[in-house]
2 protein chains.
Amino acid sequence: MSISSRFSVAIHILCLLAINKDKATNTSEHLAGSVNTNPVVIRKVMSMLKGAGLVNVRAGVPGSELAKGLSEITLLDVYKAVNVVAENDLFNSHEHPNPDCIVGRNIQQSLNKQFSTAQKAMEHSLEIVTLAEVVQDILDSDNV
Amino acid sequence: MSISSRFSVAIHILCLLAINKDKATNTSEHLAGSVNTNPVVIRKVMSMLKGAGLVNVRAGVPGSELAKGLSEITLLDVYKAVNVVAENDLFNSHEHPNPDCIVGRNIQQSLNKQFSTAQKAMEHSLEIVTLAEVVQDILDSDNV
DNA sequence: TTACATGTAACTATAATAGTTACAATATGA
DNA sequence: TCATATTGTAACTATTATAGTTACATGTAA
């Protein structure tokens, strides 16, 4: 199991928009060239980012741009925008354990506690990083 | 995307073995009755738990038992035993971004850092909880 | 040696991902 | 206004993983 690459594609796109300010050139075709995928994949991700208020893009108008400052967008914002993991659903529990068994009738709530805590720990790690840091890291890496 | 319920099934099994010390009655048939699944599913999970040294079970001999003390088994041990998430593979990155683009040629290492940190945060959360706590929680819940 | 459990291969149904084709809807410049 | 180019989306495919199931070989012990 792995979290969908929609997330990494979304981060890639947003970094590109941050670095290339020339809005009109940021078409799905062009972005697809950098990500190395199909333009329709880009447009689908773009549609989700637009829904979350992270990018500006309009039907018929070529190109796109960030709708917020780089340092105002955390990795958690992007993660939620592209809907790769549902609320409290990183871990999948088996359903309908036997209620006639002490373990069966109590384990779900115990697991939910632990799983929820673990998921939150992961999400918190994404929350404390902004795209500004990721872009800076990319620029730094390229200048070595 | 969700992490396989093999993990929750494995925890369920281990809790049962902790509560029912009568080894011979812990057959895959019986465990399947509490988890509410097929005995073969139990045997597959059991095979992985055995491989990780968490349970004792032998071909031809009915039943099973814990191979370690409850407080010596963390949720991370179980998670690794059933192999639900590969090393550094919780997040799936898009492959082959364009090396002719500054973002394309640098984003993978930036993402790997962030994704690895997030995965470790989640796994650490599992590491600090032992099965002893989960079993105690189950017993407490049942006595309300 | 019989009975019964474990171990495992092979198959099914289901669901999600990533990519693709096709086309409608939209906006803009000539 | 119309031609053109792009976005938005539906519909389809191939691939992969999960969870469950059947079938049967293997192993143990009474």
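A close approach under 4.0 Å does not occur between any side-chain nitrogen or oxygen of B:S64 and OP1 or OP2 of C:dT6. Between A:S4 and the phosphate of C:dA18, there is a side-chain N or O to OP1/OP2 separation shorter than 4.0 Å. Between A:S28 and the phosphate of D:dT7, there is a side-chain N or O to OP1/OP2 separation shorter than 4.0 Å.
Among the atoms of the strands shown, only primed sugar atoms or phosphate atoms (P, OP1, OP2) are found under 4.0 Å from some heavy atom of B:T37. Nucleic acid contact class of A:V40 (heavy atoms, under 4.0 Å, all strands): base. A:S5 comes within 4.0 angstrom of the backbone, heavy atoms only, and of no base. Using a 4.0 Å heavy-atom distance criterion, B:S2 is classed as making no nucleic acid contact.
Position along DNA chain C of the nearest nucleotide to A:V84 versus A:V41 favours A:V84 as the more 5'-ward residue. Nearest-nucleotide mapping onto DNA chain D: of B:N36 and A:K50, the residue sitting toward the 5' end is A:K50.
Of all non-hydrogen atoms in B:R105 and B:P99, the two that sit nearest each other are NH1-O, 3.1 Å. Scanning both residues, A:M48 and A:A81, for their nearest heavy atoms gives CB-O, 3.5 Å.
A donor and an acceptor atom never sit less than 3.5 Å apart when one is taken from the side chain of A:K23 and the other from the base of D:dT6.
Ring geometry for A:F115 against A:F91 counts as parallel: the plane angle stays under 30°, on a 0 to 90° scale with 60° as the upper cut.
Atoms CG (B:N38) and P (C:dA10) sit 18 Å apart, rounded to a whole Å. Whole-Å rounding puts the A:R43 CZ to D:dA5 C1' distance at 11 Å. Taking atom CD1 of A:I42 as the reference point, atom C1' of C:dT17 lies 15 Å away to the nearest angstrom.
With 3.5 Å as the limit, one finds no donor-acceptor pair spanning the side chains of A:K113 and A:T117.
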